[in-house]
Amino acid sequence: MSDEQLLFTVLNLGEALLTSGAEVNRTEDTISRICRAYGFAKCDVFTITSSIVVTVRAEDGAIHTQTRRIKQYLTDLERVSDINMLSRKICGKQGLPREDFERELEAILKKPHNSQWMMILLYGGIAAAFAVFFGGTVRD
């Protein structure tokens, strides 16, 4: 996998984190750590809620920059957790080959999200629990 392809995969990971509810700082930190783990000499990441920009300098001195526009958001903390586990595997002592990184990320991204009806039921249950906790009634 070339450096450009690796950077594209890292941006896929960053986009998945950001769109699944991870905070901007966590997204930047995770991208930076993964880039360093794969041997980029320098990595600059700029993330806001609607865009990710990553510039890396490879060991051979080549500079690569890619940008990703973020257009949709949903909360999927299980996906955030799965991506964090993948990140820890990459940055750990054993590391993870570039090709395995892409394959494992794709497996995470293919997992289905909770349905909208399930989310509505969950949010309703949470709201009901808070209403009871704060002294509300069934009518509340």
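As a basis for the values below, the full set of heavy atoms in this structure was taken, side chains included, without hydrogen atoms, waters or symmetry mates. Residues: numbered from 1 along the sequence shown.
Contact between C43 and V54 at its shortest, heavy atoms only, is SG-CG1, 4.2 Å. When all heavy atoms of R57 and I63 are compared, the pair lying nearest together is CG-CG1, 4.1 Å. Closest of all the heavy-atom pairs between V56 and C35 is CG1-SG, 3.8 Å. The two residues S87 and T30 have their closest heavy-atom pair at OG-CG2, 3.6 Å. Of all the heavy atoms in L109 and A16, the pair that sits closest is CD2-CB, 3.4 Å. In terms of heavy atoms, V45 sits closest to S32 at CG2-OG, 3.4 Å.
Proximity of L74 to T19: side-chain heavy atoms (C-beta onward) are nowhere separated by under 4.5 Å. Side-chain contact between I90 and F101 is present, with at least one heavy-atom pair separated by less than 4.5 Å.
The structure places CG of D44 at 12.0 Å from CD1 of I31, a figure rounded to the nearest 0.5 Å. Atom CG of L18 sits about 5.5 Å away from atom CD1 of I70, to the nearest 0.5 Å. Separation of atoms CG (D76) and CD1 (I83) is listed at 8.5 Å; rounding is to 0.5 Å. Distance check, rounded to the nearest 0.5 Å: CZ of R26 to CG of N84 gives 4.5 Å. Note that the CG atom of L77 and the OG atom of S20 stand 8.5 Å from one another [nearest 0.5 Å]. With rounding to the nearest 0.5 Å, the separation of CD in E104 from CE in M85 is 11.0 Å.
E102 and Q5 share no side-chain donor-acceptor pair at under 3.5 Å. Side-chain contact, S81 with E78: no donor N or O sits under 3.5 Å from an acceptor N or O.
Proximity of a side-chain donor or acceptor of Q66 to a complementary backbone N or O of T55 within less than 3.5 Å is not detected. In this structure a side-chain-to-backbone donor-acceptor pair under 3.5 Å is missing from E59 to A41.
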Derivation and outcome, side chain to side chain contact (heavy atoms under 4.5 Å, CB included), residues T67 and I52:
CA-CA 6 Å; T67 302; I52 302 172; over 6 Å; no

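Through direct or relayed side-chain contacts under 4.5 Å between Ile, Leu, Val, Met, Phe, Trp and Tyr, I120 connects to W117.
Both L96 and M1 belong to a common hydrophobic cluster when Ile, Leu, Val, Met, Phe, Trp and Tyr are linked at side-chain heavy-atom distances under 4.5 angstrom. When the side chains of ILVMFWY residues are joined at heavy-atom separations under 4.5 Å, either directly or via intervening members, I126 and M118 end up in a single hydrophobic cluster. No chain of hydrophobic side-chain contacts below 4.5 Å, direct or via other Ile, Leu, Val, Met, Phe, Trp or Tyr residues, connects F8 to I34. Hydrophobic clustering of Ile, Leu, Val, Met, Phe, Trp and Tyr side chains at less than 4.5 Å, counting indirect connections, unites L122 with F130.
Put simply, the residue from R69, R68, K71 that forms a side chain to side chain donor-acceptor pair (under 3.5 Å) with E15 is R68.
Remark: R98 engages D3 in a salt bridge, criterion side-chain N to carboxylate O under 4.0 Å. Classification of D100 and R103 as a salt-bridged pair holds, one side-chain N sitting under 4.0 Å from a carboxylate O.
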